[in-house]
Amino acid sequence: MGMGPGRPAQECDNEELVYEFESACRGGDYEFAPEYRDELLRRLSATPRPIDEWHEDDGAVLWWAFPIEEPPFCGTPLDSDWPGYHTHWTPLVIPEHPKV
């Protein structure tokens with residue numbers, strides 16, 4: 001049986017996506033592992049988490065109030081300018097160095 005993904009990353013549900021990523025890594029199928037890793041990171045970044053899941057070790061994140069009617073607040077609830085009404089957060093994704 002040849003190596004390769006079971007299904008394209010974008011078609012997998014979350015559980016299947018984690019399974020495919022782990023399988024690709026364990027099987028040494030490093031050609032496909034980044035496809036699953038990148039999709040996992042995209043989903044984690046896009047899924048709002050409730051305020052009670054934030055910890056100061058998470059640092060500055062993007063804070064959202066639903067329904068979304070304004071840009072997110074960037075920072076932490078410990079900041080002096082914390083608005084206090086945001087209920088969910090997403091990680092602040094720091095980009096890699098740009099390709100030249």
Chemist: Considering residues at least two apart in sequence or located in another chain, which fulfil the side-chain hydrogen bond (donor to acceptor under 3.5 Å, both in side chains) criterion with R49?
Modeler: none

Chemist: I want to check something: taking the side chain as every heavy atom from C-beta on, are W64 and T87 in contact at a cut-off of under 4.5 Å?
Modeler: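 Of all side-chain heavy-atom pairs linking T87 with W64, none is under 4.5 Å.
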
Chemist: Would you say that E35 contacts Q10 through its side chain, given a criterion of any heavy-atom pair below 4.5 Å between the two side chains?
Modeler: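 Yes; the side chains approach each other to less than 4.5 Å.
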
Chemist: Under the salt bridge (charged side-chain N to carboxylate O under 4.0 Å, His left out) test, which residues partner R37, sequence neighbours left out?
Modeler: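 Salt bridge (charged side-chain N to carboxylate O under 4.0 Å, His left out) list for R37, sorted by chain: empty.
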
Chemist: Is there side-chain contact between C74 and L92, with heavy atoms separated by less than 4.5 Å?
Modeler: yes

Chemist: To the nearest 0.5 Å, tell me how far L40 CG sits from E20 CD.
Modeler: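 So the CG of L40 and the CD of E20 are separated by 11.0 Å.
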
Chemist: Can you see which heavy atom on C25 is nearest to which on A33, and at what distance?
Modeler: SG-CB, 4.0 Å

Chemist: What's the shortest heavy-atom distance between E53 and D58, and which atoms?
Modeler: O-OD2, 3.8 Å

Chemist: Is Y19 linked to L17 within one hydrophobic cluster, defined over Ile, Leu, Val, Met, Phe, Trp and Tyr using a side-chain heavy-atom separation of less than 4.5 Å?
Modeler: no

Chemist: Is it true that a side-chain atom of D13 and a backbone atom of E15 form a donor plus acceptor pair closer than 3.5 Å?
Modeler: yes

Chemist: What residues join L78 in its hydrophobic cluster, counting side-chain heavy atom gaps under 4.5 Å, either direct or through other members?
Modeler: I51, W54, V61, W63, F73, W82, W89

Chemist: With distance as the sole test, does H86 use its side chain to make a donor-acceptor pair with the main-chain N or O of H88 at under 3.5 Å?
Modeler: no

